[in-house]
Amino acid sequence: MKRMPAIAIALVLVSTIFGFAADDAIRTFHGEVADSQCSMNVHSLTRSHEEMLKSKSMGGNPASCTLYCIRYMGGEFVLAMKSEVYYLDNPSAQNFAGEKVKVTGTLDPKTRTIHALKIESEQ
């Protein structure tokens, strides 16, 4: 009977460890490398570059708009998917600004950050 609490504690620890390991699964994500300003409605009602491109003040295409918002408006690189937006922690994301990409990495659900191991163009 004295071993029961020790076994229960061990089971809880093992299930906790495996629970965290599941969050570290390598996954593939598809979307556009964009900026957090446009993609998170900071200055865009459509969660896109649409309004900024119409004004022509931030470039004439999604790549130039993304880079402008990162450099001058405090944005961060994100992966914009249909209804989801995730931060990208890989500096090579700047090489794919405005492009449709495939990102391989792990997701931190608490910070909504993809720890990108690989980013590839889909264009």
Side-chain angles (χ1 to χ4, degrees):
M1 289 302 256
K2 290 182 181 182
R3 297 183 90 185
M4 249 352 207
I7 292 172
I9 290 171
L11 287 174
V12 168
L13 289 174
V14 168
S15 65
T16 302
I17 290 168
F18 283 112
F20 286 123
D23 289 344
D24 291 341
I26 295 175
R27 298 173 41 191
T28 301
F29 304 86
H30 298 269
E32 177 185 328
V33 173
D35 63 277
S36 56
Q37 301 291 351
C38 288
S39 298
M40 295 180 169
N41 291 348
V42 173
H43 60 230
S44 170
L45 300 175
T46 60
R47 295 179 59 153
S48 71
H49 303 286
E50 191 175 315
E51 290 93 354
M52 300 302 106
L53 293 178
K54 283 181 185 175
S55 74
K56 298 198 189 283
S57 63
M58 296 182 191
N61 58 45
S64 60
C65 184
T66 296
L67 294 173
Y68 184 93
C69 291
I70 300 281
R71 287 183 186 137
Y72 302 109
M73 301 191 79
E76 296 179 55
F77 285 106
V78 298
L79 183 68
M81 299 165 63
K82 289 180 183 176
S83 61
E84 300 289 327
V85 178
Y86 297 106
Y87 293 98
L88 291 169
D89 73 349
N90 190 319
S92 70
Q94 69 184 2
N95 300 328
F96 300 94
E99 289 185 34
K100 301 283 186 207
V101 295
K102 176 173 91 171
V103 177
T104 305
T106 60
L107 174 65
D108 181 341
K110 290 181 183 175
T111 62
R112 300 191 55 77
T113 300
I114 297 173
H115 302 291
L117 302 171
K118 185 177 183 182
I119 303 174
E120 301 173 88
S121 179
E122 289 194 326
Q123 295 182 2

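- For Ser121 (side chain) and Val101 (main-chain N/O), no donor-acceptor pair under 3.5 Å exists by modelled atom type.
- No donor-acceptor pair under 3.5 Å is formed between the side chain of Arg112 and the backbone N or O of Tyr87.
- When all heavy atoms of Pro62 and Glu32 are compared, the closest pair comes out as CB-OE2, 3.8 Å.
- Results of the side chain to side chain donor-acceptor pair (under 3.5 Å) test with His30 over Glu122, Lys100, Lys82 single out Glu122 as the only residue that passes.
- Of the residues Thr113, Leu107, Val78, the one that meets the side-chain contact (heavy atoms from CB on, under 4.5 Å) test with Tyr86 is Leu107.
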*Does the pair Val103 and Leu88 meet the rule for a side-chain contact (heavy atoms from CB on, under 4.5 Å), with working shown?*
CA-CA 9 Å; Val103 177; Leu88 291 169; 4.2 Å; yes
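- Taking CG of Leu79 as the start and OG of Ser39 as the end, the distance is 9.0 Å to the nearest 0.5 Å.
- Asn61 and Ser64 share a side-chain donor-acceptor pair at under 3.5 Å.
- Side-chain contact between Ile26 and Leu117: present, with at least one pair of heavy atoms (C-beta onward) separated by less than 4.5 Å.
- Nearest approach of Ile70 to Glu76, heavy atoms of both residues: CD1-C, 3.2 Å.
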task: Begin from the C-alpha positions of His115 and Asp108 and carry the test side-chain contact (heavy atoms from CB on, under 4.5 Å) through to its verdict.
output: CA-CA 7 Å; His115 302 291; Asp108 181 341; 3.6 Å; yes
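- The main-chain N or O of Asn90 is never found under 3.5 Å from a side-chain atom of Ser92 such that the two would form a donor-acceptor pair.
- For Asp89 (side chain) and Ala116 (main-chain N/O), a donor-acceptor pair under 3.5 Å exists by modelled atom type.
- Side-chain atoms of Asp35 do not come within 3.5 Å of backbone N or O of Gly75 as any donor-acceptor pair.
- By the 4.5 Å heavy-atom criterion applied to side chains, Lys102 and Phe29 are not counted as neighbours.
- Of all non-hydrogen atoms in Gly31 and Met81, the two that sit nearest each other are CA-CG, 4.3 Å.
- Nearest approach of Thr66 to Gly98, heavy atoms of both residues: OG1-N, 4.1 Å.
- The SG atom of Cys38 lies 8.0 Å from the CE atom of Met73; values are rounded to the nearest 0.5 Å.
- When side chains are defined from C-beta on, Glu99 does not count as touching Val33, because their heavy atoms never get closer than 4.5 Å.
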